[in-house]
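Beneath this line is the structure, given in structure tokens, with notes to follow.
None of these values were measured; they are calculated from a predicted model. Read the numbers this way: they start at 1 and go in the same order the structure lists the ligands and their atoms.
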Amino acid sequence: MTSMDRGEEIPWFPRRVSELDRCSKCVTKYEPTNDPRHPGHGDTAYIMRRQFLNDQAINYRHGDPISFVEYTEEEHATWTMVFEKLKTLHESHTCLAYRQNLRMLEEAGVLTANRIPQVADVNKYLMEKTGFILRPCSGLLSARDFLASLAFRVFQTTTYLRHHESPHHSPEPDLIHELLGHVPMFADPFIAQMSQDIGLMSLGATNDQIEKLATVYWFIIEFGLCREDGQLKAIGAGLLSAYGELMHACSDVPDHKEFDPQIVSVQTYEDSGYQPLYFVAQSLQDALVKLREYAASMPRSFAIIYDPLTKSVQLVEKD
Ligand code: H4B
């Protein structure tokens with residue numbers, strides 16, 4: 001008996017990496033075009049630049065070479081300002097994996113404070129480390145589409161920058177967040193695997209399961225902490241790329257709870273200000289083990305098998 005016979009339809013999901021071309025649905029939230037909370041609201045030149053880069057991204061198809069983007073001097077200056085300010089917190093506030101991978105990326109000349117890197121160069125580097133690749137997208141994606149791409153070790157990446165008048169905070173994902181927050185962590189094998197595991201769990205999942213997985217993703221990949229030598233250190237990209245919240249998260253102002261995906265999955269979160277609560281893993285390995293226990297406990301009528309050689313998945317129905 002198939003799941004269709006039982007009347008529960010499995011939502012469409014990509015079976016191979018090229019089908020991610022169908023997973024680029026954006027959701028509208030905190031856009032400069034219509035939201036006065038966005039620092040670029042009312043700045044026509046900024047809105048046009050963001051639109052130009054988004055139009056380029058939306059036409060991207062799997063396998064295309066990634067277009068070279070000529071960033072403006074103003075954009076490079078914003079990048080430099082953010083990178084240099086964050087550097088002052090790296091030793092004290094970020095986890096060992098981040099510090100090591102960032103150093104290697106700098107030594108390889110891929111991430112440097114003076115120029116915005118090209119996504120194609122980042123991909124060449126990450127491909128050799130963990131097989132993760134970035135593909136351009138045009139803004140905040142639906143959780144379902146965004147998580148599906150992670151199943152294939154693909155990270156959908158915005159290519160525009162935050163507004164220059166608000167360099168240390170962005171209400172939406174931007175290239176600085178992707179490159180300074182996510183890229184060094186995707187070079188780590190445990191974070192790469194954790195991200196892919198969350199992605200694989202999302203394929204064919206119910207809306208309720210997607211909501212839970214998006215919440216787990218939020219609290220570990222975006223805003224997670226770990227403890228090193230008794231001190232709180234950031235592992236989440238949302239913290240690693242935000243000066244103010246990075247200091248806040250590691251201070252004793254917010255609450256800290258032990259990372260447990262079962263509890264995390266139903267925790268409400270804040271997407272317009274600092275979090276009042278963060279989850280702390282013992283280590284990256286610890287977070288991965290707990291995530292796998294959670295995956296095993298997820299109720300599903302099928303299993304998903306991933307083949308890394310063909311970057312495709314197969315659905316196996318349970319009877
Ligand atoms: N879309 C883009 N472009 N970048 C992101 O980091 C995210 C996204 N994060 N969509 C997603 C949503 C998460 O917040 C979860 C999965 O909802």
Legend entry - Contacting atoms of ligand 1, where contact means under 4.0 angstrom from a heavy atom of Cys137: 3 (N)
Inset, instruction - Considering only non-hydrogen protein atoms, determine which one is nearest to atom 14 (O) of ligand 1 and report residue, atom name and distance to 0.1 Å. - result: Trp218 CE3, 3.9 Å
Inset, instruction - From the options Ser142, Ser202, Ala143, select the one whose nearest heavy atom is closest to atom 17 (O) of ligand 1. - result: Ala143
Legend entry - CG (Asp307) with more than 12 external heavy atoms under 6.0 Å: yes
Legend entry - Under 3.5 Å: N/O of Leu141 near N/O of ligand 1: yes
Legend entry - Part of Leu213 within contact of ligand 1 (heavy atoms, under 4.0 Å): neither
Legend entry - Ligand-residue contact atoms, ligand 1 with Pro173, heavy atoms, under 4.0 Å: 2 (C), 4 (N)
Legend entry - Heavy-atom neighbours of Glu211 CD exceed 12 at 6.0 Å: no
Legend entry - Residue, atom name and distance, where the atom is the protein heavy atom closest to atom 15 (C) of ligand 1: Ala214 CB, 3.9 Å
Inset, instruction - Return yes if a side-chain donor-acceptor contact under 3.5 Å exists between Ser241 and His177, otherwise no. - result: yes
Inset, instruction - Taking atom CZ of Arg99 as the centre, report whether more than 12 heavy atoms of other residues, nucleotides or ligands fall under 6.0 Å from it. - result: yes
Legend entry - Heteroatom proximity flag, Leu147 to ligand 1, N/O under 3.5 Å: no
Inset, instruction - Can you establish whether the number of heavy atoms outside Glu107 located under 6.0 Å from its atom CD is more than 12? - result: yes
Inset, instruction - Ignoring hydrogens, just give me the one of Tyr269, Phe155, Phe146, Tyr217 whose non-hydrogen atom is nearest atom 8 (C) of ligand 1. - result: Phe146
Inset, instruction - Could you label the plane-to-plane angle of the His38 and Tyr46 rings as parallel, tilted or perpendicular, counting under 30° as parallel and over 60° as perpendicular? - result: tilted
Inset, instruction - Answer with yes or no whether Cys26 contacts ligand 1, where contact means a heavy atom under 4.0 Å from a ligand atom. - result: no
Inset, instruction - Quick one: look up the protein heavy atom nearest atom 2 (C) of ligand 1 and list residue, atom name and how far away it is. - result: Gly139 O, 3.7 Å
Legend entry - Numbered atoms and elements of ligand 1 in range of Glu222, under 4.0 angstrom, heavy atoms: 6 (O)
Inset, instruction - Would you sort out whether Asp35 and His41 count as a side chain to side chain donor-acceptor pair (under 3.5 Å), showing the intermediate values? - result: CA-CA 6 Å; Asp35 193 331; His41 184 69; over 6 Å; no
Inset, instruction - For the pair His168 and Tyr243, name the ring-plane relationship: parallel under 30°, tilted 30 to 60°, perpendicular over 60°. - result: tilted
